[in-house]
K.L.:
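First, the structure itself, so that you have it in front of you.
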Protein chains: 2
Amino acid sequence: MNTITLGIIEDDELIQESLNAFFDAQPEIECVQISSSVEDFLTSIKSLKKLPEIILLDINLLGMSGIKGIPLLLNELPKVDIIMLTTFEDNDSIYKALCAGACSYLSKKTPLKKIKEAIEVVSKGGSYMSPSIARKIVNTFAPKQHKSNLLTPRQKEIVAEIVDGKSYKMIANDLFVSIDTVRTHIKNIYKALEINSKAELIRKSYDNEL
Amino acid sequence: MNTITLGIIEDDELIQESLNAFFDAQPEIECVQISSSVEDFLTSIKSLKKLPEIILLDINLLGMSGIKGIPLLLNELPKVDIIMLTTFEDNDSIYKALCAGACSYLSKKTPLKKIKEAIEVVSKGGSYMSPSIARKIVNTFAPKQHKSNLLTPRQKEIVAEIVDGKSYKMIANDLFVSIDTVRTHIKNIYKALEINSKAELIRKSYDNEL
DNA sequence: ATTAAAATCACATCTTAATGTGATTGTACA
DNA sequence: TGTACAATCACATTAAGATGTGATTTTAAT
């Protein structure tokens, strides 16, 4: 197994040193650049022989924030994997970092051994995150429980088929009813939602408005 | 620590039995209901004294799919946490399951010990997922600079109108061209995207596939 | 027992969408 | 200076969708 080249962007000197000392002792990982800011890091890498494959990135930095730096880092190093290493664990920071292109998100409380593990996992094409952060991430997908009772269960079935791209005829077949029944359902759905076209129905469905 | 009550929905008898035997031997986890389908499960829980706090759910089931079953399960058991346990590891299945409200996603290849660990993590309010699945999940956030050149700028304008719920006639009016021109554009769009209905077009548009 | 709501089906009518063939114009590129 | 492509329009046909009126049946609630 090849050594993994690592970059660190972290403005707390204590943490910098602690990480540096730790990775120095790990033959699998070679720390090729440590900077206190994204700006410095971007300048420094121009004169490096070995480029980092993975970057540990803090959010609260001097100069631009780690999150704003992600696109710039990815622009300079398109193949790099970015692991956030930060004290912030709020949904918003996590969400923004991932949307910007980070591939993993760790709390600074994470033990060094786990950080190393995360680096190895990411290097193999995976992603590591703590259970609590993972939960926050999956929660961003979860349905926003509108649960409006505008539509009956049967009507919702019909909507699902429509959204799936089925024609009335196909729906009738799938649900074992006549096409006229499908028509009637759709008439009622349109009345209930105060719309009058399939396009609006699909939009509402995608926007979770039913 | 209290025992965790568990439900299992899985139609493969071998896996059912293997899970059942394993959890029988775990004092921390009590399996209160095993069913082969979501439908059965929903019927069965009505007569249970102890309700499951966590459900292991397969996707490929007899009757309705596990993914379609998630909303129904959450409806009956609003506090339940659902862990997908499935062979499917494609982005789409993962994404749909999480959007439907699953809180964790495991491959069937996961060792029993890890499944138990996942259950305990979820029971504590976290989420467990394997590195490869975690990576797929974070990738759904990442910026997708597809910017596919499948459609010309004019065609994209037409699509925008369609998605907005406009009819051909309205589009023709908005863009100051004849309705036949709109028709031709749409014909070409359908050909380019290899689809043949408005519904599919709207879906692709919402799913960022253009 | 009555009522209300949900789901089913039929028939009719009109509008919109899907698809094919064919043509013209302008622009960009080799 | 062709040629490829985007954008425009016309005509025609078949399929699908939208909408109205009216009716039956089953089930849940009053």
Side-chain angles (χ1 to χ4, degrees), chain A residues 146-206 209-210, chain B residues 39 42-43 45-47 63-64 68 71-72 75-76 146-207 209-210:
Chain A
H146 280 188
K147 219 222 229 140
S148 84
N149 297 326
L150 286 171
L151 301 185
T152 69
R154 192 55 160 176
Q155 288 174 339
K156 285 175 185 169
E157 284 186 74
I158 304 269
V159 171
E161 299 266 330
I162 291 274
V163 171
D164 221 42
K166 306 282 179 69
S167 70
Y168 292 6
K169 200 188 283 182
M170 295 162 91
I171 297 173
N173 253 302
D174 285 1
L175 302 184
F176 306 106
V177 295
S178 86
I179 192 169
D180 277 309
T181 301
V182 175
R183 279 197 237 268
T184 303
H185 279 302
I186 289 171
K187 267 181 286 188
N188 293 333
I189 290 167
Y190 283 11
K191 199 186 293 174
L193 301 178
E194 299 178 67
I195 59 178
N196 47 30
S197 76
K198 226 165 56 160
E200 293 169 82
L201 180 62
I202 295 173
R203 190 194 61 72
K204 273 186 185 283
S205 170
Y206 269 90
E209 287 179 24
L210 2 156
Chain B
E39 293 89 335
L42 288 170
T43 309
I45 54 169
K46 284 171 188 159
S47 52
M64 85 175 72
K68 288 199 177 167
L72 305 183
N75 202 43
E76 286 304 307
H146 277 193
K147 234 213 223 154
S148 90
N149 299 325
L150 285 172
L151 302 185
T152 68
R154 191 56 161 177
Q155 288 173 341
K156 285 176 186 168
E157 283 185 75
I158 303 269
V159 171
E161 299 266 328
I162 290 275
V163 171
D164 220 43
K166 305 282 179 66
S167 70
Y168 293 4
K169 199 189 284 181
M170 295 162 89
I171 297 173
N173 253 302
D174 286 1
L175 302 184
F176 306 107
V177 294
S178 88
I179 192 169
D180 276 310
T181 301
V182 175
R183 278 196 239 269
T184 304
H185 279 303
I186 289 172
K187 268 183 287 187
N188 293 333
I189 291 166
Y190 283 11
K191 199 185 292 174
L193 302 178
E194 297 178 67
I195 59 178
N196 47 31
S197 75
K198 226 165 55 160
E200 293 169 84
L201 179 62
I202 295 173
R203 189 193 61 71
K204 274 186 184 281
S205 169
Y206 270 89
D207 291 352
E209 286 178 25
L210 8 150

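Letters go in sequence order (proteins before strands), and every chain restarts at 1. All figures in this text were calculated on a predicted structure; none of them were measured in a lab.
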K.L.:
What's the CD1-P distance between B:Ile186 and C:dG20, to the nearest Å?
P.N.:
14 Å

K.L.:
Please report the distance, rounded to the nearest Å, between CD1 in B:Ile179 and C1' in C:dA17.
P.N.:
9 Å

K.L.:
Find the distance A:Lys166:NZ to D:dG17:C1' and express it as a whole number of Å.
P.N.:
17 Å

K.L.:
Within this structure, what is the CD1-to-C1' distance between A:Ile189 and C:dA7, rounded to whole angstrom?
P.N.:
12 Å

K.L.:
Check the distance between D:dA18's C1' and A:His185's NE2 and give it to me in whole angstrom.
P.N.:
16 Å

K.L.:
Kindly indicate whether the side chain of A:Tyr190, heavy atoms from C-beta on, has any atom under 4.5 Å from the side chain of A:Lys198.
P.N.:
yes

K.L.:
Given C:dA18, D:dT19, C:dA7, identify the nucleotide with an atom nearest to the side chain of A:Arg183.
P.N.:
D:dT19

K.L.:
Could you please name the option among C:dA18, D:dA10, C:dC9 that lies closest to any side-chain atom of B:Asn196?
P.N.:
C:dA18

K.L.:
With respect to B:Ile171, which candidate in B:Ile179, B:Val182, B:Asp164 satisfies the side chain to side chain contact (heavy atoms under 4.5 Å, CB included) definition?
P.N.:
B:Val182

K.L.:
How many whole angstroms separate atom NZ of A:Lys187 from atom P of C:dA10?
P.N.:
13 Å

K.L.:
Do A:Lys191 and D:dT19 share a donor-acceptor pair, side chain to base, under 3.5 Å?
P.N.:
no

K.L.:
Under a plain distance cut-off of 3.5 Å, with no hydrogens placed, do A:Ser178 and A:Thr181 share a side-chain donor-acceptor pair?
P.N.:
yes

K.L.:
In terms of side-chain heavy atoms of A:Ser167, which of D:dA16, C:dA18, D:dA18 is nearest?
P.N.:
D:dA16

K.L.:
Just the rounded figure in Å: distance from C1' of D:dG17 to OH of A:Tyr168.
P.N.:
4 Å

K.L.:
Under a 4.0 Å N-O cut-off, is there an ion pair linking A:Arg203 with A:Glu200?
P.N.:
no

K.L.:
Which nucleotide sits closest to the side chain of B:Asp180: D:dC11, C:dT8, D:dA6?
P.N.:
D:dC11

K.L.:
Check whether the side chain of B:Lys198 and the base of C:dT16 form a donor-acceptor pair under 3.5 Å.
P.N.:
no

K.L.:
Hey, is the side chain of A:Thr184 poking within less than 4.0 Å of OP1 or OP2 on C:dT8, counting only N and O atoms?
P.N.:
no

